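The block underneath contains the structure these notes are about, expressed in structure tokens.
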There are 2 protein chains.
Amino acid sequence: MSFQYEFPRPALAVDCVIFGLDEGDLKVMLIRRDLPPFEGRWALPGGFVRMDETTDEAARRELREETGLDHVFLEQLYTFSDLQRDPRERVVSVAYYALVRLTNFKVHATTDAAEAVWFKMCETPPLCFDHPLIVETAYDRLKAKVCYQPIGFELLPKNFTLTQLQKMYETVLARPIDKRNFRKKILSMGILQETGEMQSGVAHRAARLYRFNEKKYHTMVKKGFHFEI
Amino acid sequence: MSFQYEFPRPALAVDCVIFGLDEGDLKVMLIRRDLPPFEGRWALPGGFVRMDETTDEAARRELREETGLDHVFLEQLYTFSDLQRDPRERVVSVAYYALVRLTNFKVHATTDAAEAVWFKMCETPPLCFDHPLIVETAYDRLKAKVCYQPIGFELLPKNFTLTQLQKMYETVLARPIDKRNFRKKILSMGILQETGEMQSGVAHRAARLYRFNEKKYHTMVKKGFHFEI
DNA sequence: TTTTGTTAGTGTTAAAGTAACACCAACCTA
DNA sequence: TAGGTTGGTGTTACTTTAACACTAACAAAA
């Protein structure tokens with residue numbers, strides 16, 4: 001079976017930059033390609049867009065198929081269209097980035113055919129296609145966006161301590177933050193909810209567990225509230 | 001001539017939201033379609049991406065062909081891929097937004113075949129396809145971005161008065177700004193350069209003309225400077 | 001049971017930045 | 001030369017930010 005068009009068309013693909021947080025390290029999930037081109041080399045999970053799905057849906061499907069991830073934060077990043085970005089033929093790729101609660105997920109990794117592995121951002125292996133550019137673009141976006149939208153919570157467990165939250169920002173932004181000032185600021189925003197529970201299984205004073213209150217955040221945004229770290 | 005592929009492919013298009021500033025009104029350029037579908041209805045300038053050009057290049061080409069605009073600020077906005085966004089067939093569109101010095105340009109308008117007309121943002125006619133969504137997305141982006149990147153200058157003549165600059169921000173952001181505070185802040189940033197020239201042809205005290213110093217801005221950014229209105 | 005180690009949790013102050021506010025100057029035109 | 005219009009300028013109260021250190025709680029080890 002083949003498909004005919006009056007004018008030539010680029011192939012349309014999606015690629016996903018998947019971020020996870022692991023004990024103070026920001027990580028990216030990469031897969032080892034099991035098909036040419038670049039067979040055996042590291043790349044972002046991704047694939048071609050089907051006719052019956054939007055690019056968002058294609059990105060979620062590829063995520064599921066190639067990494068086993070589902071129901072994660074996913075947002076369109078940028079569309080890459082350089083003529084030579086794929087050696088086979090003209091491929092335009094709509095890139096996405098995803099944020100994953102790595103703590104919950106860890107065990108399920110490497111589900112599928114291709115090898116899917118978490119790498120520290122600072123230790124990513126050489127990537128094929130224009131994927132280094134895509135990763136860099138995604139990291140820049142993440143750093144910028146985490147400051148003015150409460151997306152960082154997507155990298156933490158649903159319930160978290162203030163120290164975990166602070167460490168997440170320090171890791172993503174790659175800079176230290178003052179503990180007291182951070183707590184004052186984040187608590188005064190009124191978007192965190194005490195769960196009433198405490199941390200357990202730690203060899204020191206247990207910390208209170210909080211949860212991001214999305215509803216409250218949205219009603220506050222409507223009233224002009226501006227999130228900022 | 002026809003082109004065959006093993007798998008079906010969406011058509012790939014670009015669409016441009018072109019903003020201009022005219023005496024305190026933010027305007028958008030629209031064209032009246034001279035072909036089906038939606039013949040005679042208003043739409044964004046745009047068209048299909050060719051095999052020998054990136055989407056950026058396609059957007060610039062369409063801008064030139066359909067509106068006569070060239071060498072303008074142009075930035076990728078978002079990729080729209082809803083299955084039903086085009087009634088003919090599956091079309092994925094990479095949307096761009098452009099900022100135009102309308103004052104310089106005015107005369108050249110309506111160059112090409114199709115009718116190209118500036119509309120006030122608040123008086124846009126009904127648009128076809130998903131173009132209302134694209135325009136809204138572009139306007140949101142413009143409002144957000146103008147606050148943290150000095151792109152607003154692209155809407156003004158190269159040389160401008162502080163009042164023009166302030167009015168630009170007030171128009172784009174749709175809120176009043178205090179004159180003295182604005183001047184203090186913008187001048188203290190050190191990104192404006194006095195041209196030494198004065199406004200002329202006005203029936204009142206002439207104002208100093210300034211110019212955006214892009215080089216200075218870039219060197220300051222490298223040193224950690226953060227633009228913010 | 002005491003000590004040790006580790007993180008939780010908490011306030012104050014100086015400095016910087018922001019927001020609110022009004023009048024005279026300069027120039028053109030009638 | 002009087003009137004109209006915009007240009008240009010400082011001060012102050014208030015808010016926000018940045019810098020900074022100690023005690024509390026708990027588990028584990030001695």
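Every chain is numbered from 1, with letters handed out A, B, ... down the list of sequences. If you're wondering where the values come from, they're calculated on a predicted model, not measured in any experiment.
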> According to a strict under-4.0 Å criterion, is A/Thr163 in side-chain N/O contact with OP1 or OP2 of C/dA8?
Replying inline: yes
Please give, in whole Å, the distance from [N] [atom2] to [X] [atom1]?
X        : N      : atom1 : atom2 : result
B/Ile229 : C/dT18 : CD1   : C1'   : 14 Å
A/Gln164 : C/dT7  : CD    : C1'   : 12 Å
B/Asn181 : C/dA16 : CG    : C1'   : 15 Å
B/Leu162 : D/dT9  : CG    : P     : 9 Å
B/Tyr210 : D/dG7  : OH    : C1'   : 10 Å
A/Ile186 : D/dT17 : CD1   : P     : 12 Å
A/His226 : D/dT16 : NE2   : P     : 13 Å
B/Phe182 : D/dG8  : CZ    : P     : 13 Å

> Along nucleotides 22-30 of chain C, 5' to 3', which nucleotides get a B, which get an S, and which get a -, given that the test is a protein heavy-atom distance under 4.0 Å?
Replying inline: B--BBBSS-
> Checking side-chain hydrogen bond (donor to acceptor under 3.5 Å, both in side chains) for the pair A/Asp15/A/Ser93: CA distance, chi angles, key distance, verdict?
Replying inline: CA-CA 7 Å; A/Asp15 286 300; A/Ser93 177; 2.7 Å; yes
>> side chain to side chain contact (heavy atoms under 4.5 Å, CB included) for A/Leu99 and A/Leu142? Distances and angles first, verdict last.
In response: CA-CA 9 Å; A/Leu99 302 182; A/Leu142 175 61; 3.9 Å; yes
>> Pair A/Met189, A/Phe225 - check side chain to side chain contact (heavy atoms under 4.5 Å, CB included), show working.
In response: CA-CA 9 Å; A/Met189 287 183 189; A/Phe225 169 73; 4.0 Å; yes
> Counting side-chain heavy atoms from CB outward, which of C/dA20, D/dT9, D/dG7 is closest to B/Arg208?
Replying inline: D/dT9
>> In this structure, is the centre-to-centre distance between the rings of B/Phe153 and B/Phe73 below 6.0 Å?
In response: no
> Just checking B/Arg183: base, sugar-phosphate only, or nothing, at a heavy-atom cut-off of under 4.0 Å?
Replying inline: base
> When only distance counts, do a donor and an acceptor, one from the side chain of B/Lys184 and one from the base of D/dT11, lie under 3.5 Å apart?
Replying inline: yes
> Which atoms form the tightest heavy-atom contact between A/Leu156 and A/Arg101, and what is the distance?
Replying inline: O-NH1, 2.5 Å
>> More than 12 heavy atoms of other residues, nucleotides or ligands under 6.0 Å from CD of B/Glu214: yes or no?
In response: no
> When you look at CD of B/Glu170, are more than 12 heavy atoms from neighbouring residues, nucleotides or ligands closer to it than 6.0 Å?
Replying inline: yes
